[in-house]
Amino acid sequence: MSSILVITCPSGKQSAHLIPLLYGKGTFKLRLAAHTPASASKLSSQYPDAEVVSADLANLQDCRSLLEGAVAIFAVLPSLHSREKEMGLNLVDSAVAESQRLGNVFQHFVLSSVLGTQHRNLMQHDLKSYVEERLYLSQLNWSILKPTNFMDAYPVAMLASQEKPVMEKLWNPDVKSSLIALKDLAEASAKVLNEREKHYLAEYHLCSTLPTSDRQVCDEIAKQTGKAIDVRTPSFETGVNKALGYLYGGRAAELYAEDKVPVDFRLAAEGDLRGDIVRDETERLVLFYNRRGLVGSPNVLRWLLDKEPTTVEQWVTGQLEAV
């Protein structure tokens, strides 16, 4: 019988690349923690041999039940959620309780955090630092993965399809950040989970590239498509609204009383009651990236994968081949 591996946020970008590397491979029986009925239905269809459970990570008892009988957890937290910190603490505390239960088999807590949790100006980084601290204070065998910004956020297919492509992301396109390809992150995550003991008590700063600006990525896309890209800089408010729109644009306005909740506070994850705090987080995010980047070295990822990480050139080529 395969050991149970819990995966949170299984419908997210990270898990979409990780799950296929683990599903049906014989090492783990996957227990996927779905947040909504729609997510649960989709996951059950995609992965019929996985155990799909509905769980509210903000509820401690749900987290206790989620970890029962599990050997490991791959914990991804929902960034830009007003209760991200509480969710992370619940998962750590539930894993501690499970590891102390008579007859338990729990062995490994893998947290997917973020590069640079020392950046207090970034609220979601600061929140994750408390979850990391909770792990440090536990007696669990843990590993912490700290990926930088995702390379996969660039809409290569859309730009390639436009006659006169225009790129306006969320902040100053000339500020450089290191990037990671989601397939690199998935491979590294699967290796840590499969090898387990070799990675106990390890923190890995994960970057596929050295600092690279949005404009430089667009230059590579332009080079390979043969189309010049008009790279634009959004205003601060436009960047904030676009970021929230990408994440939560489908949230129904009729859930709120018109005279009680301003329109710009209504964008948040389903079940998140504090859209105002989510907007605070997003504003700090855009302000930070308008001036500074999230920077790191690919050395750790190169060592972990035992090969060269994906370059921007290779990633763009792969995206265009998939169109």
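Each residue takes its place number in the sequence, starting with 1. All figures in this text were calculated on a predicted structure; none of them were measured in a lab. In what follows, every heavy atom counts, from backbone to side chain, and hydrogens, waters and symmetry copies are set aside.
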Quiz prompt | K42 charged N/C atom sitting above Y47 aromatic ring, 6.0 Å / 45° | solution = no

In the structure I gave you, are the side-chain heavy atoms of N104 and Q100 within less than 4.5 Å of one another anywhere?
no

task = Return the orientation label for the H199 and Y204 ring planes: parallel under 30°, perpendicular over 60°, tilted otherwise.
result = perpendicular

- Are a donor atom and an acceptor atom from the side chains of Q139 and S99 found within less than 3.5 Å of each other? no

Between L32 and A50 the two heavy atoms that sit nearest each other are CD1-CB, 4.0 Å

Fill in: I180 side chain near C207 side chain, heavy-atom distance below 4.5 Å
no

**Asked** Where the side chain of N90 meets the backbone of C63, is there a donor-acceptor pair that is under 3.5 Å apart?
**Response** no

The remaining residues in the hydrophobic cluster of L137, counting side-chain heavy-atom contacts under 4.5 Å among Ile, Leu, Val, Met, Phe, Trp and Tyr, are none

Closer than 3.5 angstrom, by distance alone: can the side chain of T238 be matched with the main-chain N or O of P234 as a donor-acceptor pair? no

- Under 3.5 Å side-chain donor-acceptor pair for H108 and S143: yes

Original post:
Could you walk me through whether E308 and R302 pass the salt bridge (charged side-chain N to carboxylate O under 4.0 Å, His left out) check?
Top reply: CA-CA 5 Å; E308 287 297 318; R302 182 181 295 116; 2.9 Å; yes

Inset, instruction - Compare all side-chain heavy atoms of L91 with those of V6 and state whether any distance is below 4.5 angstrom. - result: no

Side chains of L5 and L193 in contact at under 4.5 Å (non-hydrogen atoms): yes

Item to complete: Taking the side chain as every heavy atom from C-beta outward, state whether L206 and L115 have any pair of such atoms under 4.5 Å apart.
Response: no

- For the hydrophobic clusters of this structure (ILVMFWY residues joined by side-chain heavy atoms under 4.5 Å, transitively), does one cluster hold both L30 and I73? no

Worksheet item: Is S15 reaching over with its side chain to a backbone N or O of L18, donor-acceptor style, under 3.5 angstrom?
Response: no

**OP:** Check whether any side-chain heavy atom of Y289 sits under 4.5 Å from a side-chain heavy atom of S177, and report yes or no.
**Re:** yes

| message | Checking the side chain of S39 only, and the main-chain atoms of T36 only, is there a donor and an acceptor separated by less than 3.5 Å? | response | no

For P165 and L159, the nearest pair of non-hydrogen atoms, with its separation, is CB-O, 3.5 Å

Given side-chain contact (heavy atoms from CB on, under 4.5 Å), test F288 with W171 step by step and report yes or no. CA-CA 9 Å; F288 180 89; W171 42 69; over 6 Å; no

Handout entry: Enclosure of K176 NZ (heavy-atom neighbours >12, cutoff 6.0 Å)
Key = no

| query | So do V166 and I229 actually touch side chain to side chain, heavy atoms under 4.5 Å? | reply | no

Q.
I want to know whether W142 and Y136 have ring centres closer than 6.0 Å.
A. yes

State plainly whether one hydrophobic cluster holds both L179 and L145, where clusters connect Ile, Leu, Val, Met, Phe, Trp and Tyr through side-chain heavy atoms under 4.5 angstrom apart.
-> no

The residue among R279, E281, E283 that forms side chain to side chain contact (heavy atoms under 4.5 Å, CB included) with L244 is R279

Backbone of A157 reached by a side-chain donor or acceptor of Q319 within 3.5 Å: no

Residues V278 and S82: closest non-hydrogen pair is CG2-N, 4.0 Å

| Is it the case that one hydrophobic cluster holds both V192 and L305, taking links as side-chain heavy atoms less than 4.5 Å apart, direct or via other members? | yes

Query raised in the report: Which is it for T209 and M151 under the side-chain contact (heavy atoms from CB on, under 4.5 Å) test, yes or no, and what are the steps along the way?
Result: CA-CA 9 Å; T209 75; M151 202 179 292; 3.6 Å; yes

query = So if you build clusters from Ile, Leu, Val, Met, Phe, Trp, Tyr with side-chain heavy-atom gaps below 4.5 Å, do Y130 and L80 land together?
reply = no

query: Are side-chain N/O atoms of S113 and E132 paired as donor and acceptor at under 3.5 Å?
result: yes

Self-check item: Test log, rule salt bridge (charged side-chain N to carboxylate O under 4.0 Å, His left out), inputs D152 and K13
Solution: CA-CA 9 Å; D152 302 61; K13 294 179 176 64; over 6 Å; no

Exercise for the section: Check the surroundings of atom CD in E197: do more than 12 heavy atoms from other residues, nucleotides or ligands lie under 6.0 Å from it? Expected result: yes

Given the options P147, P298, S208, D184 meets side chain to side chain contact (heavy atoms under 4.5 Å, CB included) only with S208

Answer yes if the side chains of Q224 and E220 hold a donor-acceptor pair under 3.5 Å, and no otherwise.
yes

Exercise. Is a donor on one side and an acceptor on the other found under 3.5 Å between the side chain of S65 and the backbone of Q61?
Worked result: yes

Judged by atom type as modelled, is there a donor-acceptor pair below 3.5 Å linking the side chain of D62 to the main-chain atoms of L57?
no

In terms of heavy-atom contacts, L122 and L285 come closest through CD2-CA, 3.7 Å

Between K128 and E84, is the salt bridge (charged side-chain N to carboxylate O under 4.0 Å, His left out) condition met? List the steps. CA-CA 8 Å; K128 286 182 172 68; E84 179 182 1; 2.5 Å; yes

Practice item. Give the cluster check for L67 versus L140: same hydrophobic cluster or not, with ILVMFWY residues linked at side-chain heavy-atom distances below 4.5 Å. Key: yes

Taken to the nearest 0.5 Å, the spacing of K242 NZ from K169 NZ works out to 9.5 Å

### Audit row: T27, S3, side-chain contact (heavy atoms from CB on, under 4.5 Å) steps and yes/no
CA-CA 7 Å; T27 302; S3 302; over 6 Å; no

Rounding to 0.5 Å, atoms CG (D230) and SG (C218) come to a distance of 10.0 Å

Of all heavy-atom pairs linking Y200 and Q107, the shortest is OH-O, 3.4 Å

(Q) One pair to check against side-chain contact (heavy atoms from CB on, under 4.5 Å): L287 and F236. What are the steps and the verdict? (A) CA-CA 7 Å; L287 184 62; F236 173 71; 4.0 Å; yes

Take a 6.0 Å sphere around OH of Y23 and say whether it holds more than 12 heavy atoms from other residues, nucleotides or ligands. yes

Among side-chain atoms of S112 and K146, is any donor-acceptor pair under 3.5 angstrom?
no

**Asked** Is a donor on one side and an acceptor on the other found under 3.5 Å between the side chain of R134 and the backbone of G88?
**Response** no

Closest heavy-atom pair, G116 versus H125, reported as atoms and distance to 0.1 Å, is O-ND1, 3.0 Å

Should S189 and Q14 be marked as a side-chain hydrogen bond (donor to acceptor under 3.5 Å, both in side chains) after you check the CA-CA gap, both sets of side-chain angles, and the distance that decides it?
CA-CA 9 Å; S189 302; Q14 293 187 56; 5.4 Å; no

4.5 Å side-chain heavy-atom contact, Q124 and H81
no

- Using distance alone, with no hydrogens and no angle criterion, decide if Q118 and S129 have a side-chain donor and acceptor under 3.5 Å apart. no

Between D174 and the options R215, R232, R291, R292, the salt bridge (Lys or Arg N to Asp or Glu O under 4.0 Å) test singles out R215

Check: E168/T233 side-chain N/O donor and acceptor closer than 3.5 Å:
no

Practice task
Please check if any side-chain donor atom of K183 sits under 3.5 Å from a side-chain acceptor atom of T310, or the reverse.
Solution key: yes

dist Q216:CD -> D214:CG (nearest 0.5 Å) comes out at 9.5 Å

